[in-house]
Amino acid sequence: MVHPLASPTHTTDLAPEAVFDWLDEAAGLRADAGLTRTLRSRSAEDAVLDLAGNDYLGLTRHPAVTAAAAAAALRWGGGSTGSRLVTGTTALHTELEQELADFYGVEAALVFSSGYTANLAALTALTDPDTLIVSDAYNHASLIDGCRLARADVHRAPHSDPDAVREVLAGRTRRRALVVSDSVFSVDGDAAPLAGLSAAVRAHGAALLVDDAHGLGVLGPGGSGALAAAGLAGQPDTVATVTLSKSLGSQGGAVLGPHRVIRHLTETARTFIFDTGLAPAAAGAALAALRLLRAEPHRAERTREVARALAARLTAAGLRACEPDAAVVSVRAPGPEAAVAWAADCRRAGLAVGCFRPPSVPDGVSRLRLTARGDLTDAQVADAVRIIAELAPAGAREH
């Protein structure tokens with residue numbers, strides 16, 4: 001989008017009330033393009049069937065998870081009171097990190113206030129001006145922002161193409177290199193070729209950073225993540241980031257990997273050093289959810305089963321649904337305005353679905369985005385498909 005006030009000169013005589021007039025012009029351009037976004041409050045008793053959130057295992061409202069959140073708040077307080085290095089690390093944070101690392105099959109973990117800040121930390125602390133970052137073209141915004149903040153040379157690689165990554169690494173002039181990829185891409189739910197990427201980095205003395213936000217709890221043995229599924233968990237040249245807000249039904253993020261990586265982030269990552277620690281209630285909820293997953297590993301397979309059922313039934317109804325590798329299922333829409341109207345119609349019919357439009361989608365194609373949940377019944381899956389199919393706009397079906 002062209003900035004409404006883009007000009008070779010600047011204005012110095014604007015009245016105070018006119019300084020932000022350009023925001024109204026920008027809002028008008030977004031509206032013309034069908035890209036208006038609005039906040040919508042929901043009540044705690046919202047009765048719609050939720051396929052828009054990322055509660056993959058259905059644990060956000062599990063009694064053990066909510067009880068653990070309440071108990072942590074009562075014991076430790078409503079907040080962590082400061083930076084993790086000052087006052088914000090409780091025994092609960094340490095316990096969560098130890099159990100996360102053990103479950104994920106790595107040496108150590110470091111918990112952050114969000115998955116976003118975990119990605120910013122990993123990318124900015126593990127690179128320098130003598131580093132080449134090779135980033136998948138479809139990576140999440142948090143990885144893109146981390147690349148922008150890093151002092152490194154950044155190359156945008158074709159989507160899921162280990163050969164292209166290998167070629168870039170072969171021609172690098174920087175001393176170090178870091179290949180960065182989502183494990184499961186958040187738009188279409190396709191899985192990255194992690195084995196191929198690992199082979200590429202090892203052939204050229206590079207490191208691999210994987211954002212496993214959509215893999216933890218869904219992929220791998222018992223939901224232990226995409227790296228475990230690919231046989232890469234615990235490798236010395238590989239680092240993962242995860243979020244606690246999807247499969248673990250809470251909030252926060254973590255970086256997982258070798259001890260020396262975690263030590264380095266603890267001492268240098270700005271989003272760790274200068275950010276208030278994760279609230280105890282969130283840490284307690286995530287820990288309880290992790291323990292539930294370990295005790296009930298079938299939840300991961302059930303989530304994948306629901307995703308496959310959604311995709312198969314939507315495709316059978318003539319809609320253009322992706323083949324899911326994890327829990328994300330996308331359904332193509334004719335355009336951004338049609339996608340917004342389709343999602344709104346679904347909500348009025350009792351079904352919440354995500355709506356992804358440019359610039360959130362790297363290929364410019366608008367979609368409904370559905371997230372499978374392991375606690376959905378077969379009847380709920382059938383109802384969701386029926387609503388989406390019945391309300392599909394003209395042009396949404398295959399011809």
Side-chain angles (χ1 to χ4, degrees), residues 106 115-116 118-215 225-227 229-242 255-258 260-262 264-265 268-271 325 358-365:
V106 296
Y116 211 112
N119 275 341
L120 296 187
L123 278 159
T124 57
L126 297 179
T127 62
D128 61 15
D130 206 14
T131 304
L132 169 68
I133 296 176
V134 185
S135 178
D136 189 284
Y138 284 15
N139 275 343
H140 186 264
S142 57
L143 293 174
I144 294 171
D145 287 352
C147 288
R148 289 171 176 169
L149 288 171
R151 298 160 294 165
D153 179 23
V154 179
H155 180 91
R156 186 171 181 263
H159 179 52
S160 288
D161 190 341
D163 289 337
V165 170
R166 188 184 294 264
E167 183 177 349
V168 173
L169 292 175
R172 85 178 196 255
T173 58
R174 299 291 196 265
R175 180 186 306 176
R176 286 174 286 278
L178 179 68
V179 173
V180 183
S181 179
D182 282 310
S183 65
V184 177
F185 294 91
S186 60
V187 174
D188 271 338
D190 55 313
L194 295 183
L197 293 175
S198 178
V201 302
R202 291 194 170 175
H204 294 283
L208 179 62
L209 172 63
V210 177
D211 179 351
D212 204 14
H214 299 278
L227 290 183
L232 300 175
Q235 296 302 304
D237 56 356
T238 302
V239 177
T241 58
V242 297
V255 180
L256 305 107
R260 56 184 175 177
V261 168
I262 300 308
H264 181 73
L265 265 63
T268 66
R270 293 175 66 82
T271 57
D325 288 328
S360 298
V361 287
D363 58 3
V365 177

Heavy-atom closest contact ([X] atom, [Y] atom, distance):
X	Y	value
Leu169	Ala177	CD2-CB, 3.6 Å
Val255	Ala118	CG2-O, 3.7 Å
Thr127	Ala150	OG1-CB, 3.4 Å
Gly364	Pro358	O-CG, 3.6 Å
Val239	Pro258	CG2-CD, 4.3 Å
Asp325	Ala191	OD2-N, 2.7 Å

Nearest 0.5 angstrom please: [X] [atom1] to [Y] [atom2], how far?
X	Y	atom1	atom2	answer
Arg202	Arg166	CZ	CZ	12.0 Å
Cys147	Leu143	SG	CG	6.5 Å
Asp145	Asn119	CG	CG	10.0 Å
Leu232	Leu208	CG	CG	7.5 Å
Leu197	Ser160	CG	OG	7.5 Å
Ile133	Arg151	CD1	CZ	10.5 Å

Problem - Leu132 side chain reached by Val168 side chain, heavy atoms, under 4.5 Å - result: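 Val168 reaches Leu132 side chain to side chain.
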Problem - Student check: side-chain heavy atoms of Val134 and Arg172 closer than 4.5 Å - result: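 No, their side chains stay 4.5 Å or more apart.
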Practice task
Please lay out, stage by stage, how Leu209 and Leu123 fare under the test side chain to side chain contact (heavy atoms under 4.5 Å, CB included).
Solution key: CA-CA 8 Å; Leu209 172 63; Leu123 278 159; 3.9 Å; yes
Counting N and O atoms only, with roles assigned by atom type, does the side chain of [X] sit under 3.5 Å from a partner on the main chain of [Y], one being a donor and the other an acceptor?
X	Y	value
Asp188	Asp190	no
His140	Ser142	yes
Asn139	Val180	yes
Arg174	Pro129	yes
Asp212	Ser183	no
Asp237	Ala207	no
His264	Ala125	yes

Exercise for the section: Return yes when atom CZ of Arg176 has more than 12 non-hydrogen atoms of other residues, nucleotides or ligands closer than 6.0 Å, and no otherwise. Expected result: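 Enclosed.
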Problem - Residues Ser181 and Asp136: side-chain donor-acceptor under 3.5 angstrom - result: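 No pair is found: no donor N or O on one side chain lies under 3.5 Å from an acceptor on the other.
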Practice task
Check whether the side chains of Thr131 and Asp128 place a donor and an acceptor atom closer than 3.5 Å, and report yes or no.
Solution key: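 Result is yes, a qualifying pair exists.
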Exercise for the section: Specify whether Tyr138 and Phe185 have parallel, tilted or perpendicular ring planes, treating 30° as the upper limit for parallel and 60° as the lower limit for perpendicular. Expected result: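 Perpendicular, since the angle between the ring planes exceeds 60°.
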Exercise for the section: Would you check, one step at a time, whether the test side chain to side chain contact (heavy atoms under 4.5 Å, CB included) holds for Leu126 with Val261? Expected result: CA-CA 8 Å; Leu126 297 179; Val261 168; 4.1 Å; yes
